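Some notes on the structure that comes next.
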Amino acid sequence: VASGVPPRSSRLAVPDEAHPAVLGRLLMIEMIVLCTMAGRKAGAALAALRAPVLALGMGVLLVACSGNNEDEYVERPAEELFAQGETLLAEGSFEDSARAFEEVERQHPYSQLAVRAQVMAGYAYFEGRLYDQSIGALRSFIDLHPGNSDVPYAHYLIGMSYYERISDVGRDQEMTEESLAAFGELVRRFPDSDYARDAQLKMDLAYDHMAGKEMLIGRYYQERRQFVAAINRFRSVVDNYDTTTHVPEALHRLTESYLAIGVTEEARDAAAVLGYNYPDSVWYERSYALIGSGAEPAIETQDDSWISGIF
C-alpha cells in the first residue's frame with residue numbers, strides 16, 4: 001500500500017521473522033480479542049433470552065398474586081349476619097357460626113347486635129370444642145362490656161371451657177386449676193347469678209379431683225416407704241381440701257405413716273379426728289385396728305398438734 005498503512009484484517013499481521021517473545025505477546029493479544037468478542041456475543045444472546053423469561057416470570061407472579069386475594073369484602077346488614085350465625089349454629093357448623101357472629105362485630109361494631117354476637121361467638125366455639133377460641137372471644141367481651149348482663153354467663157362458659165378438659169388424676173391438673181379460678185371469680189363477683197350455683201358444684205368436683213391427685217402421689221410415696229413425703233401430701237388434703245371425699249382416707253394414711261416413723265402421738269391424733277368426724281367410715285375401722293383403744297373418739301388431741309386446728 002502506497003500510504004504505508006497495513007491493510008485492515010481480522011487477524012494481526014505477524015512479521016515473517018518475528019522474535020519468539022514478540023510472537024508470544026501477539027498471540028496472547030489475539031486470544032484476548034477473540035474472547036472479548038465471544039463474550040459480547042454471549043452477553044447479547046443471554047440478554048435476548050432473559051427478556052422473555054423475565055416477562056414470563058412477571059406474568060406468573062401476577063397470576064399467583066391475583067389468585068391469593070381474599071374474597072371481596074361485601075357489607076351486609078347486622079341482622080342478616082346474626083341470623084346466618086344462628087342458622088349455622090342450629091346446623092352444627094359451630095366454627096362457621098362463630099365466624100358469622102364475629103363478622104357482625106367486625107362490620108357493625110356499634111350496633112346492639114354486635115355485643116350479643118360476641119357472646120354467641122364464644123358459645124359457638126365452645127359447642128365446637130374450640131375451647132381456646134371460646135375463652136379468647138369471651139374474655140374480649142368481658143373486657144369491652146364489664147357491666148353487661150351476660151358477663152356472668154361469659155365467666156361460666158370460660159370455666160366450662162377449662163372444666164371440659166380436666167384429665168384424670170394421674171396427669172397434669174392445669175385445666176383443673178384454671179377452672180377453679182374461673183368459677184371462683186364467677187361465684188365471688190356474681191354470687192346471686194343463675195350460674196353461681198352450678199359453678200360452685202363444679203368447683204367442689206374440681207377440688208375433689210385435686211385432692212385425688214394429692215392422694216395418688218401420697219400413696220406412691222407411702223408404698224416406697226418415703227413416709228415424710230407421703231405425710232406432706234396427706235396433710236395437704238386435710239389442710240386444703242377438707243370438704244372433699246378424700247379426707248377420711250387421708251387421715252387413715254396419716255395414722256399409718258406416723259406409726260411407721262414412730263410418731264405415736266400424731267398417729268393417735270389423726271385417728272381420733274377420723275373417728276370423731278367419720279365414725280362410720282371404713283377408714284376409721286382400719287385406723288382403730290392399728291391404734292387400738294387409744295383411737296377412741298372420746299380421746300382429745302394434743303393442743304400443740306397441727307391437726308387440732310383443722311377440725
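Each residue takes its place number in the sequence, starting with 1. Everything numeric in this text was worked out from a predicted model, so none of it was measured.
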- Message: Quick check against the 3.5 Å criterion: does D242 have a side-chain atom that pairs as donor or acceptor with the backbone of V247?
- Response: no
- Message: Please check: side-chain N/O of S281 versus main-chain N/O of P248, any donor-acceptor pairing under 3.5 Å?
- Response: no
Do [X] and [Y] touch side chain to side chain, with heavy atoms closer than 4.5 Å?
X	Y	result
N240	M210	no
H246	Y241	no
R253	I231	no
T243	Y207	no
L113	H108	no

- Check step by step if side chain to side chain contact (heavy atoms under 4.5 Å, CB included) holds for L290 and H252. CA-CA 10 Å; L290 289 175; H252 170 67; 3.9 Å; yes
Under a single-linkage definition using a 4.5 Å side-chain heavy-atom cutoff for Ile, Leu, Val, Met, Phe, Trp and Tyr, are [X] and [Y] assigned to the same hydrophobic cluster?
X	Y	value
F82	F94	yes
I261	Y220	no
L130	I158	no

- Query: How about T176 and H209: does a side-chain donor come under 3.5 Å of a side-chain acceptor?
  - Reply: no
- Task: Answer with yes or no whether the side chains of E102 and Y125 bring together a donor and an acceptor at under 3.5 Å.
- Result: yes
- Only one of T264, D269, V263 passes side chain to side chain contact (heavy atoms under 4.5 Å, CB included) with Y258, and that residue is V263
- Candidates Y284, W283, Y278 - the one meeting side chain to side chain contact (heavy atoms under 4.5 Å, CB included) with L251: Y278
Nearest heavy atoms of [X] and [Y], plus distance in Å:
X	Y	result
A206	L180	CB-CD2, 3.5 Å
V104	A117	CB-CB, 3.8 Å
A271	T255	N-OG1, 3.5 Å
V237	A211	CG2-O, 3.9 Å
G159	A182	CA-CB, 3.5 Å
V169	Q173	CA-NE2, 3.8 Å

- Partner set under side chain to side chain donor-acceptor pair (under 3.5 Å) for S111, not counting sequence neighbours: none
- Item | S257: partners by side chain to side chain donor-acceptor pair (under 3.5 Å), with sequence neighbours left out | Q222
Point-to-point distance, once rounded to the nearest 0.5 Å, from [atom1] of [X] to [atom2] of [Y]:
X	Y	atom1	atom2	result
L186	L157	CG	CG	10.5 Å
L201	F183	CG	CZ	9.5 Å
I166	E177	CD1	CD	10.5 Å
F101	L89	CZ	CG	5.5 Å
K213	M215	NZ	CE	13.5 Å
Q226	N232	CD	CG	11.5 Å

Which pairs pass side-chain hydrogen bond (donor to acceptor under 3.5 Å, both in side chains) with one or both residues in [range], sequence neighbours excluded?
range	answer
residues 161-171	D132-R165
residues 181-200	H155-R189, Y156-D198, D198-K202, Q200-D204
residues 85-98	E95-R99

- Query: Is it the case that more than 12 heavy atoms not belonging to F190 sit under 6.0 Å from its CZ atom?
  - Reply: yes
- Charged tip of R225 within 45° of F227 ring normal and under 6.0 Å: no
- Query: Stepwise, does the side chain to side chain contact (heavy atoms under 4.5 Å, CB included) test hold for L254 with E266?
  - Reply: CA-CA 8 Å; L254 282 169; E266 292 287 358; over 6 Å; no
- Which of R233, R286, R219 passes salt bridge (charged side-chain N to carboxylate O under 4.0 Å, His left out) with E249? Answer is R219
Let me have the donor-acceptor pairs involving side chains of residues 136-153, under 3.5 Å, with sequence neighbours excluded, atom names and distances please.
from, atom 1, to, atom 2, distance (Å)
H145, NE2, Q118, OE1, 3.1
N148, OD1, D150, N, 2.8
D150, OD2, R116, NH1, 3.1

- Message: So if I apply the side-chain hydrogen bond (donor to acceptor under 3.5 Å, both in side chains) rule between R76 and each of E103, Q107, Q84, which one comes out positive?
- Response: Q84
- Item | Steps toward side chain to side chain contact (heavy atoms under 4.5 Å, CB included) verdict (F126, Q133) | CA-CA 8 Å; F126 174 80; Q133 291 90 323; over 6 Å; no
- Query: Would E75 and R106 pass as an ion pair if we require N to O under 4.0 Å?
  - Reply: no
